[in-house]
Amino acid sequence: MSAPVRFNLVARVLHWTMAVLIVAMLFIGVGMVASVSQRPWLIDLHRPLGIAILLLALVRLANRLRHPPPPLPADLPRWQVLAAHASHGVLYALMLAMPLIGWAMVSAGGYPVEMFGTLRLPAIVSPDATVYAWLRDAHGALARVLFLTVLAHLAAALFHAWVRRDGVFSRMARFGRRE
Ligand code: HEM
Ligand code: HEM
């Protein structure tokens, strides 16, 4: 069987849906800690969106295991192949770690992990002020790592689309064609 030329439809739909959600979450998070008056509604949005990202990331990983990505161009320099694999690994790790740390942080603070309406998630960590402070620092620091990695990822995607023009961008971007 020949190798696929692009990511499957599920991977492409999840990639772009999650890209919008994750970039939005970075701004919602910063808005939440910057503005006391806007914090309540932003945090009410931040918690369920973050948990939705966690669930979508699990579906995405399962889909990736069943449908491995298409191979990168054979003439891509080795350091760029390594950089692509490493940065995608960091992005996947943070898509899972950020929501889990957020959930654990709210639990450790002793706050209810409210989703919407009366739906609440159980605490995954017992209330503890030291753990709360540590997780809060970790959530903020990893958010910065995520932001920088997304910027590098965006730059690399545009480098492929506009400079190398090697089809790497359309592996993820093309819709409406048969698989
Ligand atoms: C992909 C998922 C997530 C991303 C990208 C994200 C991003 C952020 C960012 C950028 C901040 C501001 C950090 C700062 O400037 O110090 C923040 C704060 C916060 N996040 Fe998240 N977050 C995610 C998931 C979650 C989840 C699932 C929860 C809880 C269920 C959560 C709870 C919080 C809370 C309570 C704060 C405020 C912390 C404080 O008071 O300083 N986050 N988040
Ligand atoms: C901001 C605009 C974005 C653009 C233009 C973009 C573009 C792309 C492209 C062209 C690929 C395919 C690379 C390849 O063939 O190896 C890709 C893969 C990927 N993107 Fe993005 N992306 C964006 C945002 C994001 C965001 C916000 C995330 C998550 C935080 C993300 C996570 C990933 C991951 C994990 C892969 C690898 C997929 C896999 O191997 O399963 N992307 N992206």
Side-chain angles (χ1 to χ4, degrees), residues 4-8 10-12 14-36 39 42-57 60-65 67-73 76 80-81 83-109 111-115 120-121 123-124 132-133 135-162 164 166-174:
V5 288
R6 61 182 68 99
F7 286 86
N8 78 340
V10 174
R12 281 177 276 146
L14 283 173
H15 174 272
W16 293 111
T17 308
M18 293 184 74
V20 172
L21 292 181
I22 289 169
V23 171
M25 279 293 279
L26 288 169
F27 285 96
I28 293 169
V30 171
M32 240 159 66
V33 294
S35 162
V36 175
R39 185 176 168 100
L42 286 174
I43 204 164
D44 283 347
L45 194 60
H46 193 82
R47 283 184 305 252
L49 272 189
I51 298 300
I53 289 170
L54 176 62
L55 296 176
L56 291 176
R60 189 165 167 188
L61 274 175
N63 176 65
R64 193 184 199 276
L65 289 176
H67 304 277
L72 285 166
L76 196 64
Q80 290 184 25
V81 174
H85 290 160
S87 57
H88 293 165
V90 170
L91 291 172
Y92 272 115
L94 291 177
M95 278 186 250
L96 296 168
M98 284 298 295
L100 284 172
I101 293 174
W103 184 357
M105 174 204 347
V106 174
S107 309
Y111 303 107
V113 191
E114 287 174 17
M115 293 290 102
R120 288 182 180 187
L121 296 183
I124 51 171
Y132 170 71
L135 290 170
R136 190 176 162 186
D137 284 350
H139 196 71
L142 288 177
R144 281 154 183 81
V145 174
L146 176 59
F147 184 64
L148 291 177
T149 314
V150 169
L151 282 186
H153 178 70
L154 173 62
L158 295 180
F159 175 70
H160 283 285
W162 292 339
R164 277 186 60 96
D166 54 7
V168 164
F169 190 82
S170 53
R171 289 144 47 98
M172 189 54 100
R174 191 152 297 178

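All ligand and atom numbering here is 1-based and tracks the order in the structure.
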message: I'd like to know whether CZ of Phe147 has more than 12 heavy-atom contacts from other residues, nucleotides or ligands below 6.0 angstrom.
response: no

field: Per-atom contacts of ligand 2 with Arg64, taking only distances under 4.0 Å to non-hydrogen atoms
entry: 39 (C), 40 (O), 41 (O)

- request: Please could you name the atoms of ligand 2 that Met95 approaches to less than 4.0 Å, counting only its heavy atoms?
  value: 35 (C)

message: Restricting to non-hydrogen atoms, name the atom on Phe7 and the atom on Pro69 that form the minimum distance, rounded to 0.1 Å.
response: CE2-CB, 3.4 Å

- prompt: Taking non-hydrogen atoms only, is Ala157 closer than 4.0 angstrom to ligand 2 via side chain, backbone, both or neither?
  reply: side chain

message: Could you identify the single nearest non-hydrogen protein atom to atom 15 (O) of ligand 1 and state the distance to 0.1 Å?
response: Val33 CG2, 3.3 Å

message: If I take atom CZ from residue Arg12 and atom OG from residue Ser170, how far apart are they, to the nearest 0.5 angstrom?
response: 10.0 Å

query: What part of Arg144, side chain from CB on, backbone N/CA/C/O, both or neither, has a heavy atom under 4.0 Å from ligand 1?
result: side chain

- request: Kindly assign one of parallel, tilted or perpendicular to the pair His153 and His15, based on the angle between their ring planes and the thresholds 30° and 60°.
  value: tilted

message: List ligand 2 atoms under 4.0 Å from Phe169, heavy atoms only on the residue side.
response: 5 (C), 10 (C)

task: Considering only non-hydrogen protein atoms, determine which one is nearest to atom 30 (C) of ligand 1 and report residue, atom name and distance to 0.1 Å.
output: Arg47 CG, 3.6 Å

message: Can you name the atoms of ligand 1, numbered from 1 with element, that are less than 4.0 Å from a heavy atom of Val106?
response: 29 (C), 35 (C)

- request: Decide whether an N or O pair under 3.5 Å exists between Arg39 and ligand 1.
  value: yes

- request: Say whether Leu72 and ligand 2 are in contact under the criterion: heavy-atom distance to a ligand atom below 4.0 Å.
  value: yes

statement: Between Pro73 and Asp166 the two heavy atoms that sit nearest each other are CG-OD2, 3.8 Å

message: Just to check, does His160 reach to within less than 4.0 Å of ligand 2 when the distance is taken from its heavy atoms?
response: no

Tyr92 atom OH, over 12 foreign heavy atoms within 6.0 Å: yes

- prompt: Which atom pair, heavy atoms only, marks the closest approach of Thr149 to Ser87?
  reply: CG2-O, 4.1 Å

task: Output the distance between atom NE2 (His67) and atom CG (Asn8), rounded to the nearest 0.5 Å.
output: 5.0 Å

query: Of all the atoms in His153, is at least one N, O or S atom closer to atom 21 (Fe) of ligand 2 than 2.8 Å?
result: yes

message: So if I count the atoms of ligand 2 from 1 in the order they appear, which ones are less than 4.0 Å from some heavy atom of Arg171?
response: 14 (C), 15 (O), 16 (O)

query: Taking atom 28 (C) of ligand 2 as the point of reference, which of Asp166, Leu146, Leu91, Leu151 owns the nearest heavy atom?
result: Leu91

- request: Indicate the atoms forming the closest heavy-atom contact of Ile124 with Leu100, along with that distance.
  value: CD1-O, 3.9 Å

- prompt: Any chance CZ of Arg164 has more than 12 other-residue heavy atoms, nucleotides or ligands included, within less than 6.0 Å?
  reply: yes

query: What closest approach, in Å, do Arg6 and Arg171 show between heavy atoms, and which atom pair accounts for it?
result: CB-O, 3.2 Å

Minimum-distance N/O/S atom that His15 presents toward atom 21 (Fe) of ligand 2: NE2

query: Atom CE in Met25, atom CE in Met98: separation rounded to 0.5 Å?
result: 7.5 Å

- prompt: Can you tell me how far CD1 of Ile51 sits from CG of Leu121, rounded to the nearest 0.5 angstrom?
  reply: 5.5 Å

query: Do the side chain of Ser35 and the main chain of Gly31 share a donor and acceptor less than 3.5 angstrom apart?
result: no

- prompt: Which residue and non-hydrogen atom of the protein lie closest to atom 4 (C) of ligand 2, and at what distance in Å?
  reply: Trp16 CH2, 3.5 Å

- request: Considering heavy atoms of the protein only, find what lies nearest to atom 27 (C) of ligand 2 and give residue, atom and distance to 0.1 Å.
  value: Ala19 CA, 3.7 Å

- prompt: Taking it one step at a time, do Ile53 and Leu96 satisfy side chain to side chain contact (heavy atoms under 4.5 Å, CB included)?
  reply: CA-CA 8 Å; Ile53 289 170; Leu96 296 168; over 6 Å; no

message: Counting only heavy atoms closer than 4.0 Å, does ligand 1 sit against the backbone of Ile43, its side chain, both, or neither?
response: side chain

- request: Examine the proximity of ligand 2 to Phe147 and report which part, side chain or backbone, both or neither, has a heavy atom under 4.0 Å away.
  value: neither

- prompt: Should you measure from each heavy atom of Leu154, which atoms of ligand 2 turn up under 4.0 Å away?
  reply: 1 (C), 2 (C), 5 (C)

message: Suppose we screen for side-chain contact (heavy atoms from CB on, under 4.5 Å). Which residues come up paired with Val5, at least two apart in sequence or across chains?
response: none

query: At their closest point, which heavy atom of Ala123 faces which heavy atom of Ser107, and how far apart are they?
result: CA-OG, 3.4 Å

field: For atom 39 (C) of ligand 1, closest protein heavy-atom neighbour
entry: Arg136 NE, 3.2 Å

- line: Interatomic distance, CD@Gln80 vs NE2@His85, rounded to 0.5 Å, equals 12.0 Å

message: Can you tell me if Met18 contacts ligand 2 (heavy atom of the residue under 4.0 Å from the ligand)?
response: no

query: In terms of residue, atom name and distance, what is the protein heavy atom nearest to atom 29 (C) of ligand 2?
result: Ile22 CD1, 3.8 Å

- prompt: Against heavy atoms of Tyr92, which atoms of ligand 2 measure under 4.0 Å?
  reply: 35 (C), 38 (C), 39 (C), 41 (O)

Option set His88, Met172, Arg60, criterion heavy-atom distance to atom 33 (C) of ligand 2, minimum: Arg60

- line: Counting only protein N, O or S atoms and ignoring waters, those under 2.8 Å from atom 21 (Fe) of ligand 1 are His46 NE2, His139 NE2

message: Among all the protein's non-hydrogen atoms, which is closest to atom 13 (C) of ligand 1, and how far away is it?
response: Gly140 CA, 4.0 Å

- prompt: In Å and rounded to the nearest 0.5 Å, what is the CD1 to OG1 distance from Ile22 to Thr17?
  reply: 10.5 Å

